[in-house]
Amino acid sequence: MATVDGHGCDARLEASVRSFPELLLQVGESLHATLVVDAQGQIGRIDSRLAVAAGWGDGVPPEGRSLEEVLQLFPWLVDALHTALSGTETVSEGGERERWMRALVLPVFGNEGQCLGACARLSERAPAKPGPAHQEFLEQELTRTQRQYEDLLNTIDGIVWEADVNFRFTFVNKQSERLLGHPPRQWIQDPDFWKKHVHPEDREWAQAYCMKASRERRPYEFEYRMLAADGRVVWLRSIVTVLSEEERPLKLRGIMVDVTEQRMAREKLEQTASVLRATFDSIADGVVVVDRNMRITAFNKRFQQLWQLPDEVLEAGTNTEKPLAAALHLVKDPERFAARIREVYAIPDMEDVDTVVLADGRTLERTTRPQWMGNTIIGRIWSYRDVTAEHQAREKLEQTVSLLRATFDSIADGVIVVGSDRKITTFNQRFQRIWRFSDTVRLENLDALEAVTAAAPLVKDPERFISQLREAFVLSDREAVDTVELRDGRILERTTMPQRMGDTIIGRIWSYRDVTEERLAKAEQERLFVAERRVRAQLEESLAVLDIFLNNAPIGLAFLDRDLRFIHLNDALATLHGNTREQELGLALRDLAPHIAAKVEPLMRQVLATGKPIIGLGMALEVPATPGQLRHWRVSYYPVRTTSGRRVGVGAVVVEVTAEHRAQLERERLLHEAREAIQTRDDFLCVASHELKTPLTPLKLHLQRLQKKSASGQPLPPDFADKALVQVDRLSGLISDMLDASQLEAGRLELEHEPLPLQEVIHEALEAFRPVSLQHPLEYEEQCTEALVIQGDRERLVQVLSHLLENARKYSPLKGPIRVTLTRNGAEAVVSVSDRGIGIPADQQAHLFERFFRARNAPISGFGGLGLGLYICRHLIERHGGRIWAESQNGLGTTFRFTLPVEPAPPLHGRA
Ligand code: ADP
């Protein structure tokens, strides 16, 4: 507790117990003192008779006034009192003749040796007269006084004693035995009595303290404990006066008063005070206590903090105006604040509570009440509490409540809250609307069941509705959601739950929501959902079918989006790219087969851009599935549109036409060949008819001349028949060639093989040829020594040689020589027939051995042929296991060579 000075609080508290030093009064009482004054010379107690004698008998109390003021009529007594207050006891006399008074005036000392005041005991007597009678009177008086004094000592409620400076008692009054149980005799006889009976805890310091005070020869007063004969501990206050002589302490005199009870009371008081002090300091409220003179008597730290007051503003006994002025600037509305305080001070017993808002936003709750002592108001207590947080919390709560209220009113649910007594505590407008209550109807405090029953006719099944409500009231902690159908078609969803405060159910909340639209929408949604599911199932079915067709179609099919990525495609198409369809989905052709994309993507883009399909475009492409193979395709691209016409991609159809393409080529080739064959046939017919007709004309002439000659009997010229026969031979040769060619063609030409010496065959042919080619020198050269035997058909081999010789003759119009050679080349015999005739154009040599071939330089008439000779020769040689070819230079001549396999030579002895 902060106090106005170090002992301020004690002083104040003690002041509440007594206003005059207790000890002084006690001593005064013990001495039956007529007059007691305190150290300041104020009258504490005065005998009424003396007061009247001093002129204070008219009801004005002299207590509390200065002795000078009260004892103006007794200046001698005033002097004696001043002497005693300065520490010296004195006996003084004075007064008027008829009323002479004598005073024994004693100083009274406090704990610390300080003078507490003085006590005077007055007695009335005759004025003193000098002389022996007077001496005797004085002695009698002294004896009487001594006796009186002894009686007095024994009646004093304390141990009056006298001792030497070593605390050996020389006198103790009888109270010593009463208080401590030790008889005075024991005190005086035992020189160490005091030391022995001081409480061990006090012994040392008390002795030291007394010794020191004695040495210093000053009166002192202290409290300590002594041990009574029965073992009790007795607290004593000892007031000691040191009597000295020639500046040496001589004797000690004193009084020991039992203060055990006081001490206990004080300790208790101190304890109470300390508890109060601690409480005062620890409470959250800032408290200031002000006396009736508006001076601060106490305040706590919290008060100082709250008002931010420096120490000097709250000094001891400061008038409250000072701290008030210092704190005023903190208050938001200082004028009102100060006015309220003044109002309170004006009415001493007023109790008041107020709220003070500070400029910094804090809110203080101020409480003030008077401070009572018994029935007297001795001051006022002001207490300030910082309620800012509380205030804010309340504001927030109010805000929340208003927000909740607004929400409650604005929600779409109709809500009603019913207390445990079944009375409606709250409801919102929506509830009223839903249940068709008029806005003017006040539902608060109505019986909920009655109110809802009133609305029951709106419900389709009112009985069930009401019985459900009753049930809900019985089962009070039930939570439920159900539906209530109204007659007008509305459907309400009802939720009910208990209203709880903490764990206690204090009522029930009913909430109704109009879910008509919601339910209808839900039903519609469900209907749509079912329809959609059906459509989807159909769609899935169609897609499955489509997928089957798509995937099993023998042609490539695909759907590409606007970025030309595959959205659908079949395996037939994916396989061409060397992938499966799963691998290609979502990819673009340019990523899969760039060289194909380069050709087809521009086409697809064109389709997307124009919206016009490209149908049946032929294309030759290699595909990754068959690298290095050019395949033929017919591709079509179609724009794919949504029903709204938006182009979403391209459909591609790819059909392979490689086989058709080949067939077409083959057809074209065959047609060409057929045309050529027809041409050849036509040429042949033309040539053949010409060739056949050529010998017939002279033959007919010869036969007509023969007919004429034989009719006229003229002799026939000898070469006549020969010439005719030449023509017949020529005809027969032509026809043989035609026959052979047709047999060869039909595979019906038979050969008769036999071992033949080739030389013989050559000789036979040369011999037959010589006569018909007299104009051409014929040479034969054989470059082998042995006979070359072959397996062959003699006649046919002679036919081959004859034909080659005939050609050499025919195509050598300048009658150039014809040369025949026979050589052996390993197992083959090589026969050549050379001429120096017209030769064969280089570009035509390859066709020499084809049917009906005639070189372009072959003359048309004269020695023309059918173009069958070399054809027949090739077949015959090849049937003999040989080969035939020609070497020719246009205009310089031709050499035909053919080979025949030679039979191995027979063993030598076989030839012999
Ligand atoms: P043809 O009966 O027309 O002679 P060949 O089959 O014997 O029929 O000969 C075919 C063609 O070969 C002849 O029409 C001729 O143009 C050419 N031919 C054949 N032998 C010779 C040759 N020795 N010199 C030049 N051309 C020749």
Side-chain angles (χ1 to χ4, degrees), residues 679-695 726-727 729-745 749 765-766 768-769 772-773 775-780 796-821 831-879 883-898:
Q679 184 64 44
T680 308
R681 186 198 63 195
D682 292 348
D683 290 352
F684 170 73
L685 284 176
C686 178
V687 171
S689 53
H690 174 76
E691 287 297 314
L692 288 172
K693 200 163 180 201
T694 304
V726 167
Q727 297 309 327
D729 283 346
R730 199 172 161 191
L731 261 179
S732 139
L734 284 172
I735 289 162
S736 300
D737 277 358
M738 284 168 74
L739 202 64
D740 285 347
S742 87
Q743 275 186 327
L744 274 175
E745 198 58 18
L749 187 78
L766 287 174
F769 182 67
V772 286
S773 71
Q775 290 167 321
H776 293 270
L778 184 65
E779 291 171 25
Y780 172 63
R796 288 297 178 185
L797 289 174
V798 171
Q799 184 187 340
V800 170
L801 268 169
S802 301
H803 190 80
L804 294 177
L805 289 167
E806 179 57 27
N807 277 358
R809 185 189 62 79
K810 270 201 303 199
Y811 301 111
S812 301
L814 298 175
K815 306 182 183 16
I818 296 168
R819 180 181 162 77
V820 178
T821 64
V831 180
S832 74
V833 179
S834 310
D835 62 66
R836 294 195 192 152
I838 58 171
I840 304 158
D843 62 317
Q844 298 218 299
Q845 289 174 14
H847 305 289
L848 273 179
F849 298 95
E850 290 170 9
R851 249 187 339 164
F852 310 122
F853 175 77
R854 303 200 74 226
R856 84 171 91 76
N857 62 343
I860 291 167
S861 60
F863 41 81
L866 292 172
L868 287 171
L870 286 178
Y871 170 76
I872 294 165
C873 288
R874 176 171 66 104
H875 276 277
L876 290 174
I877 292 300
E878 286 174 357
R879 293 272 302 266
R883 292 172 288 122
I884 184 165
W885 68 94
E887 293 156 11
S888 178
Q889 274 190 307
N890 201 8
L892 292 177
T894 306
T895 299
F896 282 92
R897 289 182 211 279
F898 64 86

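Position 1 is the first residue of the sequence; numbering continues from there. All ligand and atom numbering here is 1-based and tracks the order in the structure.
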Check ligand 1 against K810 and write out every atom of the ligand that is under 4.0 Å from a heavy-atom position of the residue.
-> 1 (P), 2 (O), 4 (O)
Just by modelled atom types, is the L739 backbone N or O under 3.5 Å from a matching donor or acceptor in the S742 side chain?
-> yes
In chain order, what residues pass the salt bridge (Lys or Arg N to Asp or Glu O under 4.0 Å) check against D740, with sequence neighbours excluded?
-> R796
Atoms of ligand 1 close to I838 [distance to a heavy atom under 4.0 angstrom, numbered from 1] = 25 (C)
Does an N or O anywhere in Y871 fall below 3.5 Å from an N or O of ligand 1?
-> no
Of all the atoms in ligand 1, which lie at a distance below 4.0 Å from a heavy atom belonging to A855?
-> 16 (O)
Proximity of N807 to ligand 1 by residue part, where a heavy atom lies under 4.0 Å | both
Record the part of F896 in heavy-atom contact with ligand 1 below 4.0 Å; permitted values are side chain, backbone, both and neither.
-> side chain
Enumerated ligand 1 atoms positioned under 4.0 Å from heavy atoms of F853 = 10 (C), 11 (C)
What's the shortest heavy-atom distance between G867 and R854, and which atoms?
-> CA-CG, 4.0 Å
Quick check: are there more than 12 heavy atoms from other residues, nucleotides or ligands sitting under 6.0 Å from CD of E887?
-> yes
Report, in ascending order of atom number, the atoms of ligand 1 lying under 4.0 Å from any heavy atom of A808.
-> 23 (N)
Mind checking whether N857 has an N or O less than 3.5 Å away from an N or O of ligand 1?
-> no
Do any N or O atoms from the side chain of D835 and from the backbone of Y811 form a donor-acceptor pair under 3.5 angstrom?
-> no
Which atoms from ligand 1 have a heavy atom of G869 less than 4.0 Å away?
-> 5 (P), 6 (O), 7 (O)
NE2-CZ distance between H847 and F852, expressed to the nearest 0.5 angstrom | 16.0 Å
Is there a donor-acceptor pair under 3.5 Å between the side chain of Q845 and the backbone N or O of A886?
-> no
Who pairs with R879 by side-chain hydrogen bond (donor to acceptor under 3.5 Å, both in side chains), at least two apart in sequence or on another chain?
-> none
Considering the heavy atoms of L866, write down every atom of ligand 1 situated less than 4.0 Å from one of them.
-> 2 (O), 3 (O)
Does H776 reach the main-chain N or O of P817 with its side chain, forming a donor-acceptor pair under 3.5 Å?
-> no
Numbered in order shown, the ligand 1 atoms found under 4.0 Å of a heavy atom of D835 are 22 (C), 23 (N), 24 (N)
For ligand 1, note which part of L870 has a heavy atom under 4.0 Å away: side chain, backbone, both or neither.
-> both
